[in-house]
Number of protein chains: 2
Amino acid sequence: MSHLRYSRLMAVDRDHVLRTAAALLTRKSTATMDEVAKAAGISRATLHRHFAGRDALVRALESLGIAECEAALDAARLDEGSASEAVRRLVSEIQPAAGLLAFLYGESQLWEAGQDAGWQRLDARMGALFVRGQQAGEFRIDLTPVWLTEALYGLIASCAWAMHDGRVAPKDFTHMVAELLLGGALRREES
Amino acid sequence: MSHLRYSRLMAVDRDHVLRTAAALLTRKSTATMDEVAKAAGISRATLHRHFAGRDALVRALESLGIAECEAALDAARLDEGSASEAVRRLVSEIQPAAGLLAFLYGESQLWEAGQDAGWQRLDARMGALFVRGQQAGEFRIDLTPVWLTEALYGLIASCAWAMHDGRVAPKDFTHMVAELLLGGALRREES
DNA sequence: CGCAGGTGAGACATTGATGTCTCATTGTGG
DNA sequence: CCACAATGAGACATCAATGTCTCACCTGCG
């Protein structure tokens with residue numbers, strides 16, 4: 001019994017700390033362990049009891065980001081309907097995690113990129129979506145799926161930062177990212 | 001006379017140091033002053049004589065990046081021909097500075113963004129290009145010029161990082177960035 | 001009541017980067 | 001050849017963040 005209660009309480013605290021840390025690091029990626037602790041309303045000592053160090057915290061945030069992306073991919077039902085609509089659903093579903101993704105995207109430039117199995121799985125699922133769109137004749141084939149995946153991450157991070165600075169309105173996130181990725185800046189004569 | 005020689009020698013050294021620093025920081029944005037000095041083939045003391053500190057170095061790199069962007073904007077002749085072609089010329093001209101821009105783009109998330117007059121001027125020039133394209137009926141009007149400018153920076157940085165990790169070939173830089181920004185992922189029925 | 005686990009506060013040593021300083025060396029121009 | 005200016009090498013103090021530790025507190029539960 002005591003073990004059950006213990007586990008549950010730890011899980012709740014851990015999740016709360018992670019979410020506030022994500023929110024803070026999204027705004028200030030160089031925030032100190034002390035600042036993270038204060039933001040979460042706990043002491044630095046307790047923060048250290050939950051996460052062995054800054055690396056452990058960032059790795060936990062990475063896991064959280066991966067999990068939220070996986071959830072967004074699931075919710076977007078990438079296999080259903082046209083690839084374009086799947087992309088729009090994906091961008092829409094991923095918006096709540098955009099800030100966290102932007103932080104992780106910036107951090108990932110420091111690590112050895114592409115080594116993590118979680119990211120590889122995400123890349124593969126997104127890449128498969130673009131491949132499907134290409135095979136269906138819906139997407140152009142001169143832009144590689146790898147680049148489209150990379151560009152999607154980049155546009156999400158760019159838009160998250162632009163929102164943070166007030167240059168893009170939050171309600172426009174999905175439209176700005178999805179429509180630029182899908183249709184680009186040029187007008188469509190046909191539509 | 002001695003003053004003239006002095007100035008010229010300093011200028012040459014300074015430029016060489018800046019370029020190697022840019023190349024290093026592009027790959028490892030957390031590189032130490034010591035690493036920067038070693039990369040430039042000078043001692044840390046000399047590096048400090050040229051740049052008062054890390055902040056001064058980064059600010060000098062920022063000036064260099066701005067200057068290279070301005071040069072690219074000039075070379076691209078944004079006022080000539082269609083806006084699409086101007087964008088393609090711009091991306092092509094800006095490629096040599098892509099790594100440095102990617103570094104600065106990542107760093108800028110730490111500063112108070114949009115405060116620098118140099119960046120504001122660049123943003124204005126790029127924004128004007130997108131406005132011209134919209135007014136000519138060439139670009140869609142539901143994507144704001146501010147977002148298109150932001151997206152251009154983001155795609156340049158993303159592609160620079162993807163090239164660094166070997167996910168995109170350097171020769172494809174212009175095509176990947178410009179075509180995605182202009183035309184997006186969807187196939188064009190008309191073309 | 002008493003206690004055990006979790007916590008907050010804070011002291012402490014450690015580490016890594018930074019900025020400053022000195023001194024010997026070099027090499028270039030006068 | 002001499003003098004000067006710049007450099008390289010390294011010692012040194014400083015500073016900020018980190019990780020570890022102790023101790024007091026409180027809170028719930030037996």
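This structure is a prediction, so every number in the text was calculated from the model and none was measured. Letters go in sequence order (proteins before strands), and every chain restarts at 1.
If you check distances only, the side chain of A/R49 never reaches the base of C/dG5 with a donor-acceptor pair under 3.5 Å.
Comparing the local axis fitted to the first five base pairs of the helix from C/dC1-D/dG30 to C/dG30-D/dC1 with the one fitted to its last five gives a bend of 0°, rounded to 10°.
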>> Walk me through whether B/E93 and B/R77 qualify under salt bridge (Lys or Arg N to Asp or Glu O under 4.0 Å).
In response: CA-CA 10 Å; B/E93 293 288 343; B/R77 308 182 313 280; over 6 Å; no
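B/Q115 pairs by the side chain to side chain contact (heavy atoms under 4.5 Å, CB included) definition with B/E112, not counting sequence neighbours.
Atom CG of A/D79 and atom CZ of A/R132 lie 6.0 Å apart (nearest 0.5 Å). Atom CZ of residue B/R54 and atom OG1 of residue B/T32 lie 7.0 Å apart, to the nearest 0.5 angstrom. Rounding to the nearest 0.5 angstrom, the gap separating the CG atom in A/L90 from the CG atom in A/L181 is 9.5 Å.
Taking 4.0 angstrom as the limit, A/H48 places none of its side-chain polar atoms (N or O) nearer than this to OP1 or OP2 of C/dT7.
B/S84 and B/E138 form a side-chain donor-acceptor contact under 3.5 Å, judged by distance and modelled atom types alone. Side chains of B/D13 and B/H50: no donor on one and acceptor on the other come within 3.5 Å.
The ring of A/Y105 has its center closer than 6.0 angstrom to the ring center of B/W161.
Contacts with DNA chain C (heavy atom under 4.0 Å) in residues 30-46 of chain A: A/G41, A/I42, A/S43, A/R44, A/A45, A/T46, listed by number.
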